[in-house]
A.B. asks: 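Okay, here's the structure, questions in a sec.
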Protein chains: 4
Amino acid sequence: MTGTTGAPSARADMVRNRHLLLAAATAAFAECGVDVSMGEIAQRAGVAKGTVFRHFATKDDLLAAIMLQLLDRLIGAADRLLEADDAGEALREFMTTGVESLAADRAFCEVIGRPSLQHAEVRDAIDRLCEVVEALTDRARESGAIRSDITGTDIVLLLGGIHQTAAPLLPAQPQAWRRYLELAFDGLCSADARELPYPPPTVLRINDPSAVG
Amino acid sequence: MTGTTGAPSARADMVRNRHLLLAAATAAFAECGVDVSMGEIAQRAGVAKGTVFRHFATKDDLLAAIMLQLLDRLIGAADRLLEADDAGEALREFMTTGVESLAADRAFCEVIGRPSLQHAEVRDAIDRLCEVVEALTDRARESGAIRSDITGTDIVLLLGGIHQTAAPLLPAQPQAWRRYLELAFDGLCSADARELPYPPPTVLRINDPSAVG
Amino acid sequence: MTGTTGAPSARADMVRNRHLLLAAATAAFAECGVDVSMGEIAQRAGVAKGTVFRHFATKDDLLAAIMLQLLDRLIGAADRLLEADDAGEALREFMTTGVESLAADRAFCEVIGRPSLQHAEVRDAIDRLCEVVEALTDRARESGAIRSDITGTDIVLLLGGIHQTAAPLLPAQPQAWRRYLELAFDGLCSADARELPYPPPTVLRINDPSAVG
Amino acid sequence: MTGTTGAPSARADMVRNRHLLLAAATAAFAECGVDVSMGEIAQRAGVAKGTVFRHFATKDDLLAAIMLQLLDRLIGAADRLLEADDAGEALREFMTTGVESLAADRAFCEVIGRPSLQHAEVRDAIDRLCEVVEALTDRARESGAIRSDITGTDIVLLLGGIHQTAAPLLPAQPQAWRRYLELAFDGLCSADARELPYPPPTVLRINDPSAVG
DNA sequence: GATGAATGAGGATTCATTCAT
DNA sequence: AATGAATGAATCCTCATTCAT
């Protein structure tokens, strides 16, 4: 019956702190970029600096945890949309969710290529995301909703690209990404276009020069 | 007879150092992001730390100088392409040049929204770039090469977005951006698509919340 | 039973460090002037550089803290002497204490007109000092111990002046200030002298050109 | 006939530059204190930084040269006043000149105890100043204008002390030193006072602990 | 002799991380 | 497990001084 007693156990406190920290860090990174200090994050979470390090041994670990959160959310969304009737619409919805998530997070662009993304867990999550999006994309392709030479990894990559396209506008026009999402989607649909000039990425090994794919 | 003397003047050395520095800084920022230290840049350029500051009073000034370099290159390219016969092809060529330039520069994404971009010169260069690309886009639109609801600022923004899309792949596949450039271009051409859901940006005032355009 | 535990608490250590730092900084500023580096001060206090900044956010804050220390000591001394029977002797004693305190501090002269003296706390302390010394002076004047045209602010200013007079001698003759204190006091007592040629300062707003008093 | 030709010789230029520099440095030190940079001084003098160093090998040398200038002026003044009829008035006039000179120079107080004052030339000038002021003081003492236990070195030291007394007021009340000069003079005249409690300084070896006088 | 570019030691300050309580 | 004080490496930047032209 652990967890049902009135007084919060030390364990429960820890869980709560972890959530507090994750939330505070997400907000801090989103607003200020990856250069926010651990001190600022601790302050936002209302805990002492030492507590941050008890939960996340290094700043990179914290960053990784946040990325993991985002990735898990996306994986979940993609998973659910696998059940949808209209495969094309499902893909579009997934991308909407994806770009919207990124749009709230100034850190994402900065974080690409940081050591944090070399955390095994993050890499695994990216792999899983690519897999499920691959499935989503297969269905859309098979249903004729998108052209034939688009892969799931393309879709995953486009999320960041679309976000970046709109990024400079976001402070003034927080919804501007919708324009570029649609534009990208139109590209994905143009069935009559000649084939894309460069082979699709097979694996997504971020910043890993050994993965000459 | 200026410039024909054999011995390098102090002035000539200074110009050389400035070039050395600009090159070293471009490379350093591209590889390591905006957080490379001025010391690292000095070392790469083979000069003392003080010399960096003699040429660029602050780190932001150096960053601005580099951005200016990039912007000027793009402005020049766009200017020249204004003379081309095939307006659609000209636009595509401009975008190719643009994305290629960005692809060499990891700092670009990070730099969006930094104070350096509030340097008047940088803002002016962005304005000029938008203007000339607007002209380029007008011609392409009028010739029917691209759909009617695309503006020059869209194009400028897409440069960064396309680059970002491919960015995670670049260490392993340095040409991967070509795929996403083509994909984006297909989007620009899909004449039968419904109109884009969000109005085009009118001005590009990076990170300026007052510019609700 | 607070304070009776054997092991020194972190808090107690901090207080000790703060005292160590204040002492080290006072000595360092006194010996070397305001240009001693924070590093030197840290070293003298036997702590790391970061610790100095944890206690005093900027060098000016540290300087202000030291000045505050000195001022508080003087205010306390003046306060106590307000109770003395012989008003003239009380004033003389206060000045003795004052000059003696300054004599240990080479930084005092340099610090006049530095931003640190614009710290509100320091200004307030100077105001308070002037007030209590004004009272001390009033009593001395009323008792006929000093001439009629001398104000408390004159006295406060004289402290620095007497110290400065002897300053060049202090390394070789640490007590030399006593000679000039006595000389100044004789000036304060010369009842038969004609009135001083320039009006007394009303307020002491150090380095504030707007305070044309 | 050197120096009478129309075209300025290199030598004449150098002399002019030296004067320019001395003037600029005096003004700069007076306004900003000893921490003005050599660059600022060069700029004020309208010459390049290298030129400053050709004339004054180090910053301390420049500081010494300026102090020398001031000391020479004071020596000259004292010399001339040796001829005056009223010995007491002559001393008072000398002190007026002296304090006035110091009042224009924020650097003076800061410079006491700097290595620059250990320049042999500066020490010699101080010795000469003390000598001639000693003579001036002797005459005043003999004429009964001042008390018997005051020496020339006392007078020289008082110059700095009187200046310092008024220093905090000078930005707002540039003439305030007159008040404290008069006050000091009254002290010097109080014939009925008991003897000063500490022996007079015999030599003035600024900041030289070996000169236990 | 004058110039001003280059040097590099040194300074204030920040911040991730460690550790005693 | 939480705290927050201490650490010290790293950063940007300044400035006296040197030196090639």
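In what follows, chains are A, B, ... by sequence order, proteins preceding strands, each numbered from 1. Computed from a prediction, not measured in an experiment: that's the story for all the values here.
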A.B. asks: Could you walk me through whether A/H55 and A/D61 pass side-chain hydrogen bond (donor to acceptor under 3.5 Å, both in side chains), step by step?
C.D. replies: CA-CA 9 Å; A/H55 287 270; A/D61 287 343; over 6 Å; no
A.B. asks: Which whole-number value in Å describes the distance from A/D35 CG to E/dT14 P?
C.D. replies: 15 Å
A.B. asks: Rounded to the nearest 0.5 Å, what separates atom CG in A/L21 from atom CZ in A/F53?
C.D. replies: 11.0 Å
A.B. asks: Could you check how far CD1 of B/I41 sits from P of F/dC12, rounded to whole Å?
C.D. replies: 8 Å
A.B. asks: Mind listing the side-chain donor-acceptor pairs of residues 37-49 of chain A below 3.5 Å, one per line with the distance, residues two or more places apart or on another chain?
C.D. replies:
from: A/S37; atom 1: OG; to: A/G39; atom 2: N; distance (Å): 3.4
from: A/S37; atom 1: OG; to: A/E40; atom 2: N; distance (Å): 3.0
from: A/E40; atom 1: OE2; to: A/R44; atom 2: NE; distance (Å): 3.0
from: A/R44; atom 1: NH1; to: A/E31; atom 2: OE2; distance (Å): 3.4
from: A/R44; atom 1: NH2; to: A/E31; atom 2: OE1; distance (Å): 3.2

A.B. asks: Considering residues at least two apart in sequence or located in another chain, which fulfil the side-chain contact (heavy atoms from CB on, under 4.5 Å) criterion with B/V15?
C.D. replies: B/R11, B/H19
A.B. asks: Report yes if some heavy atom in the side chain of B/K59 is under 4.5 Å from a heavy atom in the side chain of B/L62; otherwise report no.
C.D. replies: no
A.B. asks: CG of C/L62 versus P of E/dG11: gap in Å, rounded?
C.D. replies: 15 Å
A.B. asks: Scan residues 45-52 of chain A against DNA chain F and write down, sorted by residue number, each residue with any heavy atom closer than 4.0 Å; if none is found, say none.
C.D. replies: A/V47, A/A48, A/K49, A/G50, A/T51
A.B. asks: Given side-chain contact (heavy atoms from CB on, under 4.5 Å), test C/R123 with C/I126 step by step and report yes or no.
C.D. replies: CA-CA 5 Å; C/R123 276 210 309 259; C/I126 292 178; 5.6 Å; no
A.B. asks: Among E/dA2, F/dC12, E/dA6, which is the nearest nucleotide to the side chain of B/M14?
C.D. replies: E/dA6
A.B. asks: Determine: side-chain N/O of A/N17 to OP1/OP2 of F/dA1, distance under 4.0 Å, yes or no.
C.D. replies: no
A.B. asks: Starting at the 5' end of DNA chain E and moving along, which residue's nearest nucleotide shows up first, C/K59 or A/M38?
C.D. replies: C/K59
A.B. asks: Going from CZ on B/R54 to OG1 on B/T51, what distance comes out if it is rounded to the nearest 0.5 angstrom?
C.D. replies: 8.0 Å
A.B. asks: Taking CG from B/L20 and P from E/dA5, how many angstroms apart are they, rounded to a whole number?
C.D. replies: 16 Å
A.B. asks: Taking the side chain as every heavy atom from C-beta outward, state whether B/I66 and B/L70 have any pair of such atoms under 4.5 Å apart.
C.D. replies: no
A.B. asks: Could you give the CG-to-P distance, from C/D60 to E/dA12, as a whole number of Å?
C.D. replies: 11 Å
A.B. asks: Please convert DNA chain E into dot-bracket. A pair counts if it is Watson-Crick or G-U wobble with both distances under 3.5 Å; crossing pairs go in [ ] and bases paired with another strand get |.
C.D. replies: .||||||||||||||||||||
A.B. asks: Can you name the side-chain hydrogen bond (donor to acceptor under 3.5 Å, both in side chains) partners of A/Q69, sequence neighbours left out?
C.D. replies: A/T26
A.B. asks: May I have the distance from A/F53 (atom CZ) to F/dA2 (atom C1'), rounded to whole angstrom?
C.D. replies: 14 Å
A.B. asks: At under 4.0 Å between heavy atoms, what does B/V36 touch on the DNA or RNA strands: base, sugar-phosphate, or nothing?
C.D. replies: sugar-phosphate
A.B. asks: Please give, in whole Å, the distance from F/dA16 P to D/L63 CG?
C.D. replies: 11 Å
A.B. asks: Check this one for me: any side-chain N or O of A/H55 less than 4.0 Å away from OP1 or OP2 of F/dA1?
C.D. replies: no
A.B. asks: Measure CZ/B/R54 against P/E/dG8 and give the value in whole Å, please.
C.D. replies: 15 Å
